[in-house]
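Data block below; observations after.
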Amino acid sequence: MSVLNKIARTLVSNRRGILAADESIGTMSTRLEKVGVEATAENRRLYRELIVTTPQLAESISGIILADETFHQKLSNGRTFPEYLHDIGILAGIKVDTGAKALAGAPGEKITEGLDGLRERVEEYARLGATFAKWRAVITIGDSLPSKRAVHANAHALARYAGLCQEGGLVPIVEPEVLMDGSHSLAKCQEVTTSVIRTVFDQLELMQVQLDGIVLKPNMVVAGSESAEQPSVEDVANATVEALRASVPPSVPGIAFLSGGQRPEVATENLAAMQNIDSLPWELTYSFGRALVGPALETWRGETGNATAAQEALSERAVANASAR
Ligand code: 5MM
């Protein structure tokens with residue numbers, strides 16, 4: 001078993017999953033302000049400290065994805081975040097993309113940037129304790145979207161990122177997110193998700209990425225959030241697994257879903273329903289952001305007195321998702 005394969009398997013097995021705590025400074029600031037907390041570097045650090053020091057977190061969380069700011073910050077005990085995660089048996093990951101920007105010639109679509117200087121950044125993060133990385137591509141469904149060029153450009157960037165990570169010893173989490181914004185049907189989401197993931201694997205193979213040393217982080221196949229017809233949990237589970245069977249090679253060790261704006265309980269139910277489907281070649285787990293930490297942030301609201309209750313809210317979601325597996 002290669003080192004990359006061992007890390008990838010650690011991330012997705014033993015009924016554990018990944019916590020995405022890598023909100024960029026802009027996103028984290030907006031989320032803090034929404035719950036009445038001033039968006040300062042210290043408050044972002046405090047909030048992330050609350051998350052990672054949640055008791056027994058390592059029983060349900062295998063890895064935590066950090067943003068660059070957090071990666072270099074310290075906990076109150078003087079340990080850096082990656083050092084502390086290592087101490088408690090959780091792998092430290094790092095978001096290495098620099099965000100989704102407007103794609104030239106493709107109105108309404110985005111391309112994720114961050115390839116420039118990535119080899120050197122990967123080297124530095126690995127030296128400081130990262131074992132895996134993340135890059136998120138965003139695909140929008142619309143009247144005539146996504147365009148071929150947006151899908152191709154994002155898949156190509158994901159593959160170049162994945163190659164650079166593996167070269168530097170980090171397991172790449174490959175995240176092509178088909179957004180749930182819009183009024184499209186479940187069938188449309190399934191069609192687009194299948195085609196996007198196929199294109200991503202074409203590019204990964206072209207770039208000679210070692211498929212047993214990655215984790216795929218896709219969206220679940222759902223209807224658009226504004227669609228009048230919302231599918232059942234079983235329909236979501238079946239459509240998602242069908243899309244994955246049609247696009248993901250069996251050599252990939254694990255698939256860790258994003259939650260994408262689904263209510264936390266719904267994301268967990270969907271994940272649980274997929275575990276009942278027989279003969280899947282990959283582990284199916286979670287790499288949730290909002291569906292894991294949303295209730296904790298709502299509970300905390302920046303008050304020291306709410307910290308224990310906030311950690312309990314995170315624990316509840318983490319344990320529920322581990323049980324779903
Ligand atoms: C935690 O949020 C991640 C970073 O987002 P920005 O760079 O846009 O601030 C995001 O990539 C996240 O990891 C995925 O969207 C999964 O999170 P959800 O909330 O969809 O499970």
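Everything numeric in this text was worked out from a predicted model, so none of it was measured. Counting starts at 1 for both ligands and their atoms, following the listed order. All residue numbers in this chain count up from 1 along the given sequence.
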*Return yes when Gly260 approaches ligand 1 closer than 4.0 angstrom through a heavy atom, no otherwise.*
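It does, in that a heavy atom of Gly260 comes within the 4.0 Å cut-off of ligand 1.
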
*So, does Met28 sit close enough to ligand 1 that a heavy atom of it is under 4.0 Å from the ligand?*
no

What I'd like to find out is whether the side chain of [X] reaches to under 4.5 Å of the side chain of [Y], using heavy atoms alone.
{"X": "Leu115", "Y": "Tyr161", "value": "yes"}
{"X": "Asp97", "Y": "Arg136", "value": "yes"}
{"X": "Thr285", "Y": "Ile255", "value": "no"}

*With heavy atoms under 4.0 Å as the rule, classify the contact between Arg136 and ligand 1 as side chain, backbone, both or neither.*
side chain

Go through ligand 1 atom by atom and flag the ones less than 4.0 Å from a non-hydrogen atom of [X].
{"X": "Ser24", "result": "6 (P), 7 (O), 9 (O)"}
{"X": "Arg290", "result": "18 (P), 19 (O), 20 (O), 21 (O)"}
{"X": "Glu23", "result": "1 (C), 2 (O), 4 (C), 9 (O)"}
{"X": "Ser259", "result": "18 (P), 19 (O), 20 (O), 21 (O)"}
{"X": "Ala20", "result": "1 (C), 13 (O)"}
{"X": "Phe288", "result": "21 (O)"}
{"X": "Glu177", "result": "15 (O)"}
{"X": "Thr27", "result": "6 (P), 8 (O), 9 (O)"}

*Of all heavy-atom pairs between Val37 and Arg301, which one has the smallest distance, and what is that distance?*
CG2-C, 3.5 Å

Got the closest protein heavy atom to [atom], with its distance?
{"atom": "atom 1 (C) of ligand 1", "value": "Asp22 OD1, 3.3 Å"}
{"atom": "atom 7 (O) of ligand 1", "value": "Lys95 NZ, 2.7 Å"}
{"atom": "atom 17 (O) of ligand 1", "value": "Gly289 N, 3.5 Å"}

Ion pair [X]/[Y], N-O distance below 4.0 Å:
{"X": "Glu23", "Y": "Lys95", "answer": "no"}
{"X": "Arg121", "Y": "Glu124", "answer": "no"}
{"X": "Glu191", "Y": "Lys188", "answer": "yes"}
{"X": "Arg79", "Y": "Asp87", "answer": "yes"}

*Glu167 atom CD, over 12 foreign heavy atoms within 6.0 Å*: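 Check passes, neighbour count above 12.
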
*Select the closest option to atom 11 (O) of ligand 1 among Lys217, Glu175, Lys134, Arg31, judged by heavy-atom distance.*
Lys134

*asked:* Could you check whether Tyr125 and Phe71 have their ring centres less than 6.0 Å apart?
replied: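 When the ring centroids of Phe71 and Tyr125 are compared, they turn out to be within the sub-6.0 Å range.
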
